[in-house]
Structure formats: structure tokens, C-alpha cells
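Notes follow once the structure below has been shown.
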Amino acid sequence: MAKRVVLLGGGVGGTMVANQLARQMKSEIVAGDIEVTVINESETHVYQPYFLYMAFDQAVPFDAKRPERSVLHHLVKLEVGNAQAVDRDHSAVVMEDGREIPYDYLVIATGSRPAPETVPGLLDGGHMFYTEESALKLRDALHQFQGGRIVVTVGVPHKCPVAPVEFTLMVRDWLNNRGLESSEVLYTYPIGRLHSLEPVAVWASSIFEERNIQSRTFFNAETVDPEKKVITSLEGESVPYDLLVAIPPHMGQDIIGRSKLGDAGNWIATNRHSLQMEGADNIYVLGDATNLPISKAGSTAHFEADVVAGNLINRLRGGLGSIRYNGKVFCFIEAGSDEATYVQFDYLNPPKPQAPSELIHLYKLAFNKMYWLSAAGIL
Ligand SMILES: Cc1cc2nc3c(=O)[nH]c(=O)nc-3n(C[C@H](O)[C@H](O)[C@H](O)COP(=O)(O)OP(=O)(O)OC[C@H]3O[C@@H](n4cnc5c(N)ncnc54)[C@H](O)[C@@H]3O)c2cc1C
């Protein structure tokens, strides 16, 4: 009987692992010895980094979406549907319609979701750009904005470690270009500096000062009053706003909670090197779904996919699966004014942001377009 590898989640991580398996185990799959199945709740693959650009009308939903079937290798099976639970006792994923999809190896790549409901009033009083719908609403609000104070408030954990800083720099630029230079931009962050990665915090602090962006630290959003347009922090500070943009704290997906696979935030305890779920030899976890103390980013999922796919191929062919993940992350950072920089880091080496340049901005735009090749395993 074929060995069954099931990828739960067909976003960045799940798709990349599946395509690497299909490309490298073609003969075994064709011979019926290996079966690779992706389960994804939607037929559409979404490239989320475009949401940032959608907020400024620099991208439209068309840019961010492709049919998942077209991104997957033809030897990978695709099950479209909402998975209800992982049944570890029977080594199967249970679908919403009751069907069971059995696995020998399971790869969990279900991602994460913003949880604006954890801040009362935020859904009514604030904007976001972490989903297509919210990014488009924010785009419309920015087009109607007549000036005043824009507050960007950040909750942790959240995916894409640098998107809040990128948005803040881009919105400053956007205001300046529309003759709204006198409008204020205020960025708030929950801990005692501007970013969880210290070198990024130092870099952000200096560029914010240069670009006339205000900031507050130790600001954990507790409530939003949509009528009065005031956001209040756990620390007791109240800040009035004309436009509020939030990057709410995130959670792992509900299926993780329903299957009792994670902690209170639905994050799965994962071995930082092998990427196996703690206590589960045949379950791997990658991307946003892990509880690892590293950035939740597409690039993280990409580098982790190389490790998970490599170990699965090795084990399916009789090896022990000894490739180790070193915590590698790479993120471009849009800096406004058609410039960008980047950070690269791992478990041992901290990031060192460089001076922004137009060339790096062009690299980021080019990478966005080439993402589809990367997901397909061609790049
Ligand atoms: C605005 C924004 C900007 C970003 N910019 C960058 C950037 O510049 N660089 C970068 O590296 N990262 C960026 N990211 C982060 C990046 O998109 C995520 O970290 C990455 O997508 C995580 O990959 P993943 O495979 O873990 O999860 P996802 O890509 O989110 O995939 C998870 C998949 O699982 C599916 N799923 C979940 N639950 C179920 C279920 N119960 N049943 C079936 N299917 C399910 C989902 O539908 C989804 O397709 C950005 C994100 C946002 C929102």
C-alpha cells in the first residue's frame, strides 16, 4: 500500500512541501508507492503580502490569487474543504462532511489568523490590512481621509514581523504625496521598544524620527471606542485618532484547538530543529502554526519547507530524517519613498537592517511577482 503524506493547509508552507515531494519523488508516486495530498479550505491560493499594497491601491485582488490546483504539481492530490479535526488515534484528518483522510505522515501548515475580536470595539472602530476584505476597506478609507491623526497599533504575536513598520512608513509617504504633510502618524507597540527584534527596533526608531513619525511603547490595546474615536491601552493611556489601523494579536487556527494539538493561543509545540510536533514522530509543523520564537513569515515557511520535505523524502526512502532547521528568516522591508531594505537572521545571528534603497524596493516588487514560481518549487 502507498505511504500517504497529507499536507493540512495549502498556503505557502503546505504547497511548497507538497511540490518538493512531487518533484523529487516522481517515480515513487507514479509507481503508486507514495501518495501526496494537500487539504485546503479554498480552491484559491492567496499571496498575502499583496494586502499591504492593496491598502495603497498599488495592487488589486487579481494580483494575489491563483487557483491552488494551478500552483500544485500535477502529481499532488488536492482536497478542497474545511478540515474539522486531526484524529491522532486513527491517523486521519476528519473533514467537515465527515470524510476521513488517512495519513502515514501529516504536515500541519494551517497558518494563523488575526484575532481583532480580542480587543473590544476594534472591529467597529478600526481598520486592518491583514485580509483582502479589510485591506480594500482601508484603501477606501485612506482615499477619503482628509487629514488628522492616523494611529497604527500593533498587537503580538502577529504574522509578517515587519508589515506594521512597512505600513507606517508607507502611510507617511502616502500622506506627504497628497498634501497632507501636517497629518500625524502615531505608531504604538506593546513592549518597551518599537519592534520585538532589537536591531529592527533601533532602525525603526531612527527612520521614524527622520520621517516625522511619532511612537508610543508599552501600549497594549485594551479597548476601542468607535463613537469617540479613542483607543485605550492596558497601561491606562487613551489616544484619540481620526483613522485607526490595527495589526491585531494573532491566533493559530481553530482546528488546532478543536484537535487539542496546541496551547491556549492554538500554537503547536514544535521542535525548533526537526520541526516535528513535540511527542509526535510522524507529524511535522511549519509556517505560522508553530510555537517557535521566530518570525511568522512566508520566508520562514519557505526555509522550513526545505527541511520538512528533505526529511520526509529521506525517511520515505529509509533514512532517519536528520536535516535541521537553523531558524533562517529573510524579510524585505518597504520603507516608503519607493525604497526598501531587508533583514536576514537565524537562531544564532540577529538581523542587521541596511540603509534602504530603490534597488531593494525593486527586488521586493520582483519577488512578489516571482512568488508563484517559488511556490511551485521552480525557483
Ligand atoms: C499583509 C501581509 C503582508 C505579509 N508580508 C510578508 C512578506 O513580505 N514576507 C513574508 O515572508 N511574509 C509575509 N507575510 C506573512 C505570510 O503571508 C505568512 O507568514 C505565510 O503565508 C505563512 O504560511 P503558512 O503556510 O504557515 O500559512 P498560510 O500561507 O496562511 O496557509 C495556511 C493555509 O491553511 C488553510 N487552512 C487553515 N485552516 C484550515 C482548515 N481547517 N481546513 C483546511 N484548510 C485550512 C488556509 O486556507 C490557508 O490556505 C505577510 C502577511 C500579511 C497578512
Side-chain angles (χ1 to χ4, degrees), residues 6-18 37-56 59 64-65 68 71-72 78-86 93-97 101 107-114 128-132 134-135 138 157-167 170 245 247-248 250-259 261 266-268 270 275 285-290 292 294-305 308 328-334 340 342-344 363-365 367-368 371 374-375:
V6 172
L7 295 300
L8 179 51
V12 178
T15 300
M16 286 185 176
V17 173
T37 306
V38 167
I39 301 173
N40 199 46
E41 63 193 356
S42 153
E43 284 180 359
T44 307
H45 188 108
V46 182
Y47 181 60
Q48 301 169 38
Y50 271 127
F51 297 156
L52 173 69
Y53 300 88
M54 278 183 210
F56 297 101
K65 297 197 262 191
E68 173 66 0
V71 185
L72 284 177
L78 174 62
E79 287 280 352
V80 176
N82 194 10
Q84 273 304 292
V86 174
V93 176
V94 184
M95 301 298 288
E96 202 169 38
D97 60 12
I101 301 179
V107 179
I108 303 180
T110 41
S112 61
R113 68 168 185 91
M128 299 194 301
F129 60 94
Y130 266 51
T131 60
E132 177 184 319
S134 63
L138 174 56
H158 64 81
K159 62 183 148 188
C160 193
V162 291
V165 172
E166 293 183 288
F167 178 84
M170 286 169 80
V245 181
I247 294 82
H250 281 44
M251 293 187 65
Q253 303 290 4
D254 294 346
I255 182 174
I256 306 304
R258 283 195 300 270
S259 310
L261 295 179
N266 293 341
W267 308 116
I268 304 172
T270 306
L275 301 177
V285 191
L286 80 163
D288 295 355
T290 76
L292 294 177
I294 49 167
S295 300
K296 296 190 182 301
S299 75
T300 310
H302 186 160
F303 294 124
E304 290 174 336
V308 171
K328 187 172 173 188
V329 181
F330 178 99
C331 289
F332 285 112
I333 310 176
E334 289 287 7
Y342 66 92
V343 282
Q344 181 171 330
Y363 280 146
K364 175 155 186 172
L365 296 185
F367 180 80
N368 287 340
Y371 166 73
S374 177

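Just so you know, ligand 1 is whichever comes first in the structure, and atom 1 is the first atom listed for that ligand. Here the structure is a predicted model, which is why all the values come from computation and not from measurement.
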What is the distance from atom CZ of Phe129 to atom CE of Met170, rounded to the nearest 0.5 Å?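 With rounding to 0.5 Å, CZ (Phe129) is 9.0 Å from CE (Met170).
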
Pull out every atom of ligand 1 sitting under 4.0 Å from any heavy atom of [X], numbered as shown with elements.
| X | result |
| --- | --- |
| Gly81 | 42 (N), 43 (C) |
| Gly13 | 25 (O) |
| Lys296 | 19 (O) |
| Phe129 | 1 (C) |
| Gly287 | 26 (O) |

N/O of [X] under 3.5 Å from N/O of ligand 1, yes or no?
| X | result |
| --- | --- |
| Leu52 | no |
| Phe330 | no |
| Ser299 | yes |
| Ser42 | no |

For Asn368 and Tyr50, test the side chains for any donor-to-acceptor distance below 3.5 angstrom and give the result as yes or no. no

Quick one, Leu292 with Leu275, criterion side-chain contact (heavy atoms from CB on, under 4.5 Å). Give me CA distance, side-chain angles, the key distance, then yes/no. CA-CA 9 Å; Leu292 294 177; Leu275 301 177; 3.8 Å; yes

Are His45 and Tyr371 close enough that their ring centres sit under 6.0 Å apart?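 So the answer is yes for these two rings.
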
So, Tyr342 versus Phe330, ring centres under 6.0 angstrom or not?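 Ring centres of Phe330 and Tyr342 closer than 6.0 Å.
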
Nearest protein heavy atom to [atom], by residue and atom, and its distance?
| atom | result |
| --- | --- |
| atom 44 (N) of ligand 1 | Glu41 N, 3.0 Å |
| atom 29 (O) of ligand 1 | Val12 N, 3.1 Å |
| atom 6 (C) of ligand 1 | Cys160 SG, 3.2 Å |
| atom 37 (C) of ligand 1 | Thr110 O, 3.4 Å |
| atom 53 (C) of ligand 1 | Tyr130 CD2, 3.5 Å |
| atom 40 (C) of ligand 1 | Asn82 OD1, 3.6 Å |
| atom 16 (C) of ligand 1 | Gly298 N, 3.5 Å |
| atom 35 (C) of ligand 1 | Asn40 OD1, 3.2 Å |

Check contact between Lys364 and ligand 1, using heavy atoms of the residue and a distance below 4.0 angstrom. yes

Would you indicate which of Glu96, Met128, Gln48 comes nearest to atom 28 (P) of ligand 1 when only heavy atoms are counted? Gln48

If we set the cut-off at 4.0 Å for heavy atoms, which region of Ile255 has an atom near ligand 1: side chain, backbone, both, or neither?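 The answer is the side chain.
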
Determine whether the side chain, the backbone, both or neither of His45 has a heavy atom under 4.0 Å from any heavy atom of ligand 1.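 His45 to ligand 1: no contact under 4.0 Å from either part.
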
